[in-house]
Amino acid sequence: MAGTRSLPSPSVLRRAHNIYIDDLWKSDGWGCTQWRGYSAQMLFWYGVAGAPYAGGSDLADRYLASIVGKRKISGVPLAKLKLWKSANRLVNDIRRETGMELVPWLAQTRIDSAWERLQQVYLIGPKIASWFLRDISFLMDYRIDARPSRFSYGQQRSSKWFATLSPDVMKYFVPIDRWVFIGAKKIGALRPKSIRLTVQGIQANRRNHLQAASEIVEFAQRRNLDPRDLNAYWFMVGSKWIDGNGKQPPS
């Protein structure tokens with residue numbers, strides 16, 4: 001039996017990952033093979049879904065549908081409209097500077113610079129920037145071509161590219177939300193200082209977030225686990241998306 005107090009087996013992590021990736025990318029909800037027009041929408045969705053208050057995926061879906069469909073925009077809070085404008089500004093700036101869409105640009109730029117730049121978007125802080133990068137990195141695991149503006153991806157996962165990264169780079173792909181904090185704390189992946197900070201203190205400061213993420217990376221690597229998979233597993237278990245064995249509860 002796996003759970004937040006025990007280390008999940010590789011098979012449990014694979015099961016959890018498959019559930020996550022099937023819902024995220026393989027459904028092609030973001031039009032993975034053609035990014036133009038989707039980049040700002042993705043940033044907006046993550047910015048809303050990851051908000052500590054009045055957030056969540058359902059709300060993000062609803063607000064995005066209102067903005068893109070241009071219906072009942074008056075129901076979208078001003079802060080979220082500011083997020084939408086800010087996301088479009090970043091996407092347009094990158095497009096003008098490089099001629100690339102956001103995701104292909106992320107795949108080719110320095111990850112620390114990308115992480116910092118994502119936080120230029122209103123309401124996007126360390127946690128959401130790392131969440132966005134982690135999910136994009138999951139897509140990279142399935143990528144089967146190297147064209148700069150379009151991606152093709154298959155069914156087989158290969159995370160060899162990620163395994164070649166140094167721990168100092170891996171830390172940018174580990175978002176710390178409350179479920180990850182709880183899971184990492186219970187299993188002993190966080191050091192006392194990070195635990196004392198609480199999740200709010202970690203999320204409020206870039207250095208604190210990177211330090212906690214580094215501790216999770218170190219913990220996972222000592223056990224030959226992909227820190228991204230452990231990170232996503234803790235979130236999925238804590239949010240009751242899956243149980244401790246990586247299985248979805250009956251609907």
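Here, residue 1 is the first one in the sequence, and each next residue gets the next number.
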Sidechain-backbone polar pair: Asn245 side chain, Lys247 backbone, donor-acceptor under 3.5 Å: no
Do the side-chain N and O atoms of Asn92 and Arg89 include a donor-acceptor pair separated by under 3.5 angstrom? no
Parallel, tilted or perpendicular: ring planes of Phe132 versus Tyr46, cut at 30 and 60 degrees: perpendicular
Name all residues meeting the salt bridge (charged side-chain N to carboxylate O under 4.0 Å, His left out) criterion together with Arg207; count only those two or more places apart in sequence or in a different chain, and write none if there are none. none
Pair Glu215-Ser194, side chain to side chain donor-acceptor pair (under 3.5 Å): steps then yes or no: CA-CA 9 Å; Glu215 292 164 12; Ser194 291; 3.1 Å; yes
Set of salt bridge (charged side-chain N to carboxylate O under 4.0 Å, His left out) partners for Arg196, sequence neighbours left out: none
Selection residues 187-223 - residue pairs positive for ring-ring contact (aromatic ring centres under 6.0 Å, His included), sequence neighbours left out: none
Kindly say whether Phe138 contributes a backbone atom to a donor-acceptor pair with the side chain of Asp135 at under 3.5 angstrom? no
Let me see the working for Tyr20 and Asp229 under side chain to side chain donor-acceptor pair (under 3.5 Å), right down to the final yes or no. CA-CA 10 Å; Tyr20 191 87; Asp229 289 345; over 6 Å; no
Is there a donor-acceptor contact under 3.5 Å from the side chain of Ser66 to the main chain of Arg62? yes
With sequence neighbours left out, the residues meeting ring pair (Phe, Tyr, Trp, His ring centres under 6.0 Å) with Trp84 are Phe44
With sequence neighbours excluded, what pairs up with Tyr172 under the ring pair (Phe, Tyr, Trp, His ring centres under 6.0 Å) test? Trp115
Within 45° of the axis and under 6.0 Å from the centre of the six-membered ring of Tyr122, does NZ or CZ of Lys82 qualify? yes
Residues two or more places apart in sequence or in another chain: which of them pass salt bridge (charged side-chain N to carboxylate O under 4.0 Å, His left out) with Arg206? Glu116
Determine whether a donor-acceptor pair (N or O, by modelled atom type, separation under 3.5 Å) exists between the side chain of Asn208 and the backbone of Gly201. yes
Restricting to side-chain hydrogen bond (donor to acceptor under 3.5 Å, both in side chains), what partner residues turn up for Arg14, sequence neighbours left out? none
Is it true that Arg191 and Glu218 make a salt bridge, defined as a side-chain N closer than 4.0 Å to a carboxylate O? yes
Just by modelled atom types, is the Arg134 backbone N or O under 3.5 Å from a matching donor or acceptor in the Ser137 side chain? yes
List for me each residue that meets salt bridge (charged side-chain N to carboxylate O under 4.0 Å, His left out) alongside Asp141, sequence neighbours excluded, and say none if there are none. Arg157, Arg228
Counterpart residues, side-chain hydrogen bond (donor to acceptor under 3.5 Å, both in side chains), relative to Gln221 (two or more places apart): none
Could you tell me if the side chain of Glu101 sits less than 4.5 Å from the side chain of Val103, heavy atoms only? no
Partners meeting side-chain hydrogen bond (donor to acceptor under 3.5 Å, both in side chains) with Asn88 (sequence neighbours left out): none
Note: Ala40 and Ala87 closest approach over all heavy atoms is O-CB, 3.9 Å
I'd like to check the side-chain contact (heavy atoms from CB on, under 4.5 Å) partners of Asp177; sequence neighbours left out, ordered by chain and number. Lys127, Trp179, Val180, Gln203, Phe235
Using 0.5 Å steps for rounding, measure from the CD1 atom of Ile242 to the NZ atom of Lys240. 11.5 Å
Residues that Phe162 engages under ring pair (Phe, Tyr, Trp, His ring centres under 6.0 Å), provided they are two or more places apart: Phe173
Between the side chain of Thr98 and the main-chain N/O of Arg95, is any donor-acceptor distance below 3.5 Å? no
